[in-house]
Number of protein chains: 2
Amino acid sequence: MSAGHAPLIGFEKHDHKACVTQALVAAEARCAAEGLRLTPVRRKVLELLLQKHRALGAYAILDLLRDAGFGSQPPVAYRALDFLAEHRFVHKIERLNAFVACTHPDETHSPAFMICRLCDAVAETKSSPAKGALGAAARAAGFQIEKTVVEAEGICPSCADKANT
Amino acid sequence: MSAGHAPLIGFEKHDHKACVTQALVAAEARCAAEGLRLTPVRRKVLELLLQKHRALGAYAILDLLRDAGFGSQPPVAYRALDFLAEHRFVHKIERLNAFVACTHPDETHSPAFMICRLCDAVAETKSSPAKGALGAAARAAGFQIEKTVVEAEGICPSCADKANT
DNA sequence: CAAGAGGGGTTATGAAATAACATGCCAAGA
DNA sequence: TCTTGGCATGTTATTTCATAACCCCTCTTG
């Protein structure tokens, strides 16, 4: 984290409340459908990430878990995050060593992120890296792509505006 | 690092000696041309990464620096790596928290990596992520991309062969 | 009800990265 | 020449991120 705040998700303001509930309901539905166990800790972590609407480090999440009465040792957070990430409810931002709730919950997608280097805001979008030069190189080399990490670093619209003032 | 070894660079065997010297000479030339200072530590770190031909963590590099008579505290390695990465002589693999020597030294390129999840071998190729869906999303959002991280995780040809045996 | 898997809790440790401060070198300008 | 400032290096200490290993509980299943 570059400052005393966590990175925002998305660059546009929006009404946020329904979004959280809706995402939780969707997650519960998918877990039920797929036989996954959205246990209290896991649900809480997802809820926290959805509410904060920011990329949070595992230890920030841990603090929030403690406040909520859960265990406060690192493995508690990491295990919940591992589960959520494995099933695509959250994504890890490698660049920040932090986690964000997925904003495209229903789809099997290959996520890509835009990360503002000034304010650490993060926006998620989709990508198809395997269709371009990377995919061609992988085929040529005989490399089987299973997952891709695509993270763009730059300046978000908000910070660009501030700079132009 | 998944095992007691560092990830190999590239999936194909090749004669490696000229490659190291050549890359060092090229780096020196570029530093001279651009007024950059390829100091002994920096040169040594680049040389180590070229020689090992693997992705090495900062602490592995630090051990090698110590053996070579340089300072052995983390900032020594990190500062050299920062310099080398800033000027594209090496790249950081976010997925592995490790560094590799650039294998396309002359070009201003947007690197992409293929990382084997079994043996941690790393191969570098080029990508143009900003030309696809990501670029479109960035333009739509008003996000200015400055740098992209593209890392594909999967199975390298060598490990795929072993699995089929 | 035993057996076993999976989840969550703990302690402890390992690994990655940086903050803050001190020293030495060298080049530009007084 | 002196000295001032920038930059690289070195050190100590600390912070941040992540996992190993172990215990116990609960649920399921035979």
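Because only heavy atoms are used, hydrogens play no part in the values below, and waters and symmetry mates are left out as well, while side chains stay in. Letters go in sequence order (proteins before strands), and every chain restarts at 1.
Side-chain N/O atoms of A:N97 include one lying less than 4.0 angstrom from OP1 or OP2 on D:dA18. Remark: A:Y78 is in phosphate contact with D:dA18, judged by side-chain N or O atoms under 4.0 Å from OP1 or OP2. Close to C:dA16, at under 4.0 Å from its OP1 or OP2, lies no side-chain N or O of B:K92.
The aromatic ring of A:Y59 sits over the base of D:dC17, with ring centres less than 5.5 Å apart and planes inclined by under 30°.
Summary of the strand contacts: A:A80 and B:A60 both lie near DNA chain C, and taking for each the nucleotide with the nearest heavy atom, the more 5' one is attributed to A:A80. Along DNA chain D, the nucleotide nearest to B:P74 and the one nearest to B:V41 differ in position, and the one closer to the 5' end is contacted by B:V41.
Rounding to the nearest 0.5 Å places CD1 of A:I145 at 13.0 Å from NZ of A:K147.
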(message) So if I define the base as every atom that isn't primed, P, OP1 or OP2, how would nucleotides 20-30 of chain D read as a B/S/- string at a heavy-atom cutoff under 4.0 Å?
(response) BB---------

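Considering only heavy atoms from C-beta on, B:F113 stays 4.5 Å or farther from B:R95 through its side chain.
Comparing C:dA17, C:dG9, D:dT9 by their closest approach to the side chain of B:T39 singles out D:dT9. Considering only the side chain of B:V76, D:dT11 comes nearest among C:dT11, C:dG9, D:dT11.
Ion pairing of B:D63 with B:R66 is present here, as a side-chain N (NZ or NE/NH1/NH2) and a carboxylate O approach within less than 4.0 Å.
Computed from coordinates, the A:F70 CZ to C:dG8 C1' distance equals 11 Å when rounded to whole Å.
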